[in-house]
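Heads up, the thing below is written out as structure tokens.
As a basis for the values below, the full set of heavy atoms in this structure was taken, side chains included, without hydrogen atoms, waters or symmetry mates. Per chain, numbering begins at 1; letters A, B, ... match sequence-line order.
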4 protein chains.
Amino acid sequence: MDVQREVKFQRILDAAIEAFAESGFHQCQVNKIARLAGVADGTIYLYFKSKEDILIKVFQDRMGKFIAGMSRELSRCKTTEERLETIVRTHFSYMEENRTIAIVTQLELRQSDRRVRLPINSTVSDYFNLIEGVIKQGIDCGEVPEIDTRIARQMIFGSLDEATTDWVMARSPRTLTSGIKPMLALFEGALRLSEKPKL
Amino acid sequence: MDVQREVKFQRILDAAIEAFAESGFHQCQVNKIARLAGVADGTIYLYFKSKEDILIKVFQDRMGKFIAGMSRELSRCKTTEERLETIVRTHFSYMEENRTIAIVTQLELRQSDRRVRLPINSTVSDYFNLIEGVIKQGIDCGEVPEIDTRIARQMIFGSLDEATTDWVMARSPRTLTSGIKPMLALFEGALRLSEKPKL
Amino acid sequence: MDVQREVKFQRILDAAIEAFAESGFHQCQVNKIARLAGVADGTIYLYFKSKEDILIKVFQDRMGKFIAGMSRELSRCKTTEERLETIVRTHFSYMEENRTIAIVTQLELRQSDRRVRLPINSTVSDYFNLIEGVIKQGIDCGEVPEIDTRIARQMIFGSLDEATTDWVMARSPRTLTSGIKPMLALFEGALRLSEKPKL
Amino acid sequence: MDVQREVKFQRILDAAIEAFAESGFHQCQVNKIARLAGVADGTIYLYFKSKEDILIKVFQDRMGKFIAGMSRELSRCKTTEERLETIVRTHFSYMEENRTIAIVTQLELRQSDRRVRLPINSTVSDYFNLIEGVIKQGIDCGEVPEIDTRIARQMIFGSLDEATTDWVMARSPRTLTSGIKPMLALFEGALRLSEKPKL
DNA sequence: GATGAATGAGCATTCATTCAT
DNA sequence: TATGAATGAATGCTCATTCAT
């Protein structure tokens with residue numbers, strides 16, 4: 001039954017996130033993931049090609065859902081301001097609510113190994129496109145001046161990513177979500193959203 | 001003689017940067033670094049505690065010099081605008097001129113291993129302090145409104161970092177330095193530098 | 001129904017011969033045999049105790065039939081010369097006509113594993129007895145001088161076996177059957193068949 | 001020092017022969033060979049590419065020496081009869097005196113794996129050439145009739161090989177060397193050595 | 001009987017590090 | 001100091017076999 005398969009797949013994914021977050025990708029043994037998932041070592045390989053493949057699928061599955069969710073929320077927004085707020089809020093909230101995923105995303109996934117990096121990039125690109133889409137839309141509406149969307153996206157994603165990494169690494173007392181408003185203010189300034197629209 | 005020692009230390013560092021950039025930190029064998037540096041395997045361990053220690057020292061040495069250089073340049077600046085421009089220009093120029101170091105910095109150093117991350121953080125902190133210092137100075141002078149310096153720093157560093165990673169990974173036809181001006185414009189907007197100073 | 005069982009048993013045996021000949025015993029996975037035989041992995045174990053057991057049964061079944069056939073032919077022969085000719089011809093012809101079986105027999109079966117070697121030996125012994133019987137008969141009839149039948153058998157079997165292995169490994173352009181007459185001539189000389197019987 | 005290296009190489013070879021003879025190639029763990037040789041596991045790999053490579057080198061080294069020795073002895077012989085006697089005697093004596101090598105040669109080396117078979121074949125070919133050379137010489141001298149040297153070689157080698165395997169497997173009470181004379185008699189008959197030379 | 005998903009034992013090999021020279 | 005041969009810990013993955021259905 002396909003539902004059974006999906007359930008077990010998710011169980012292994014959950015176990016892997018927990019294991020990676022705790023021990024780090026390289027330190028973590030496949031055997032540990034299996035134990036956490038309550039399956040035999042060999043069973044892992046009925047669902048994943050390799051240990052690297054688990055990491056890749058963790059990202060594709062969780063980030064895929066995250067991006068889909070954000071995309072849905074964005075479609076309900078009217079203005080660029082609302083859209084930016086959605087991006088920052090969704091990003092920070094998701095990470096804060098899913099600390100283990102955040103750890104994997106911000107630390108474990110920054111693997112130099114090409115076999116991991118390449119498959120992950122295509123998922124990351126989806127997020128990039130989402131952000132760049134919001135900027136383009138802003139430019140088209142006249143809410144945002146004609147700027148380089150790629151560089152604007154690098155600023156937005158880079159800022160969110162750096163703030164998240166900071167939070168993950170610092171176990172900062174400050175919450176991540178407390179940064180939503182100030183970060184948003186910076187973005188609005190950068191994109192000149194607060195300035196009077198040109199008549 | 002201490003000069004002799006420093007020369008060999010730097011030779012190993014150079015070899016390591018080349019080796020890490022080419023093969024990746026995990027793939028690269030200590031033996032390869034030794035060969036490139038023209039020393040025996042064992043000699044490495046007269047200069048470094050471990051393979052991880054090489055990575056750490058690579059960062060501390062090169063980033064240390066980079067930060068010192070930037071610090072010197074910043075001390076010559078008069079305005080926040082000049083200082084921001086110095087940060088962006090120095091960051092992008094340095095990375096563009098030192099691609100192998102950029103590869104190590106942006107990809108190989110993003111190791112999850114705590115033994116690597118922690119010692120590196122203190123060097124990174126120096127950079128963070130530099131950036132936050134510029135922001136604080138701007139606030140003190142009234143050039144920049146009262147904002148959260150930590151979040152502003154996350155935005156500035158995150159943006160520069162992300163742009164650099166993009167450039168390293170994409171082997172983008174666009175040069176990194178071509179992004180200096182547009183990125184600076186975003187920062188000035190974010191920090192409301194272009195707005196009239198409140199009287 | 002027992003016929004059904006026998007049919008499936010033979011189907012697995014055929015699949016195994018093909019699989020072993022193609023991939024080699026150790027390389028070949030049970031799962032491949034199952035696929036070739038059109039049954040599930042588990043079904044194999046309703047017919048065979050283990051992978052080794054398949055190899056053993058392949059040999060016992062095919063060699064058993066081969067030996068039975070040769071035995072039948074030998075019973076029709078009148079002279080030692082005819083009997084020797086029957087042995088050489090039957091051996092070479094059978095192998096040439098059943099190349100995959102020859103591959104399994106000459107290469108895959110030469111496994112060092114005791115669990116395989118011992119059960120196979122009893123089947124091989126039947127062949128040895130057949131050959132030694134022919135020699136004894138020759139001695140009894142006075143066609144062959146009083147020689148050590150064991151050593152004579154070693155010579156005859158060893159020669160046929162080596163020629164077959166040569167042919168299997170070399171994919172020699174020369175056919176195996178082209179060696180019947182010259183090999184027979186050697187055997188007749190060795191057993192002094194061509195010499196005048198002692199009065 | 002190169003002598004040191006050769007000594008350790010031979011020590012590992014000796015350990016491997018003992019280990020293979022005792023447990024069989026597949027059963028035997030590299031770790032066991034290392035223990036017997038008194039070196040660390042990793043040291044094995046400074047001398048051999050892989051476990052298979054050990055097996056190959058065992059054969060090439062020991063058989064190489066065996067063939068060289070036989071070649072030397074053969075060069076001292078005057079007649080084909082002497083040469084045949086040398087082959088049979090040397091083959092049987094060597095195997096009887098080196099039972100563990102015989103076990104490895106007759107049982108463990110009959111690996112179906114191509115990676116093992118191919119490199120071994122070239123050494124075996126040397127032996128084949130030696131035997132075929134003796135036959136050719138016999139034909140040239142008129143001592144042996146014009147026969148197919150390849151098939152004659154198959155008979156000689158096959159017979160010796162089979163007798164050796166029999167002895168190795170049977171732990172026969174009969175010694176291998178007791179077969180020298182009867183086997184030689186068969187060869188002489190096969191090659192018509194005992195018959196009057198054609199005038 | 002037949003299935004095939006699940007099991008889990010088993011091991012060659014690498015490579016950072018050491019230390020006798 | 002420098003060397004580089006030797007060390008030995010450490011583990012992902014395969015695949016023959018089982019057993020619930």
- From A:E108, A:E18, A:K32, A:Q29, residue fulfilling side-chain hydrogen bond (donor to acceptor under 3.5 Å, both in side chains) relative to A:S23: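 Only one of A:E108, A:E18, A:K32, A:Q29 forms a side-chain hydrogen bond (donor to acceptor under 3.5 Å, both in side chains) with A:S23, namely A:K32.
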- List the steps and the verdict of salt bridge (Lys or Arg N to Asp or Glu O under 4.0 Å) for B:K65 and B:D61. CA-CA 6 Å; B:K65 286 171 182 166; B:D61 188 88; 3.1 Å; yes
What is the distance, rounded to the nearest whole Å, between atom [atom1] of [X] and atom [atom2] of [N]?
X     : N      : atom1 : atom2 : value
B:I33 : F:dT3  : CD1   : C1'   : 17 Å
C:F48 : E:dA2  : CZ    : P     : 13 Å
A:I44 : E:dT7  : CD1   : P     : 10 Å
B:R5  : F:dA2  : CZ    : C1'   : 12 Å
C:R35 : E:dG4  : CZ    : P     : 13 Å
D:R11 : F:dA6  : CZ    : C1'   : 12 Å
D:K32 : E:dG10 : NZ    : C1'   : 16 Å

- Of C:V39 and A:G38, the one whose closest DNA chain E nucleotide lies more 5':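 Its nearest nucleotide lies further toward 5', so the answer is C:V39.
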- Query: How many angstroms lie between atom CG of A:D41 and atom CG of A:N31, to the nearest 0.5 angstrom?
  - Reply: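 A:D41 CG to A:N31 CG: 5.0 Å, rounded to 0.5 Å.
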- Query: Taking the six-membered ring of A:F25, is the NZ or CZ of A:K51 close enough (under 6.0 Å from the centre) and on axis enough (within 45°)?
  - Reply: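 Satisfied, under 6.0 Å and within 45°.
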- Query: Given F:dA6, is OP1 or OP2 found less than 4.0 Å from the side-chain N or O atoms of D:K8?
  - Reply: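 Yes.
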- Secondary-structure stems for DNA chain E, with pairs counted as Watson-Crick or G-U when both distances are under 3.5 Å and runs at least 3 long: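 DNA chain E stems, ordered by first number: E:2-21 with F:2-21.
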- Task: Run the numbers on D:T165 and D:Q106 for side chain to side chain donor-acceptor pair (under 3.5 Å), then give the verdict.
- Result: CA-CA 6 Å; D:T165 301; D:Q106 303 305 119; 2.8 Å; yes
- Hey, is the main chain of A:T105 close enough, under 3.5 Å, to the side chain of A:R110 for a donor-acceptor pair?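 It does hold such a pair.
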- Query: Under 3.5 Å, is there a donor-acceptor pair between the side chain of B:S125 and the main chain of B:N121?
  - Reply: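 The answer is yes, because a donor-acceptor pair under 3.5 Å joins these two groups.
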- Message: Enumerate the ring-ring contact (aromatic ring centres under 6.0 Å, His included) contacts for residues 37-66 of chain D, please, sequence neighbours excluded, ordered by first and then second residue.
- Response: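 Residue pairs passing ring-ring contact (aromatic ring centres under 6.0 Å, His included), neighbours aside: D:F9-D:F48, D:F66-D:H91, D:F66-D:Y94, D:F66-D:Y127.
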- Note on the structure: Given protein heavy atoms under 4.0 Å, the one-letter contact record of nucleotides 9-17 of chain F, with B base, S sugar-phosphate only and - none, is simply --SSBBSSB
- Query: If you look at every strand shown and take non-hydrogen atoms under 4.0 Å, does B:Y47 touch a base, only sugar-phosphate, or nothing?
  - Reply: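 It contacts sugar-phosphate atoms only.
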- Would you call B:K57 and B:D53 a salt bridge, taking side-chain N to carboxylate O under 4.0 Å as the test?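 Result for this pair is yes, salt bridge flagged.
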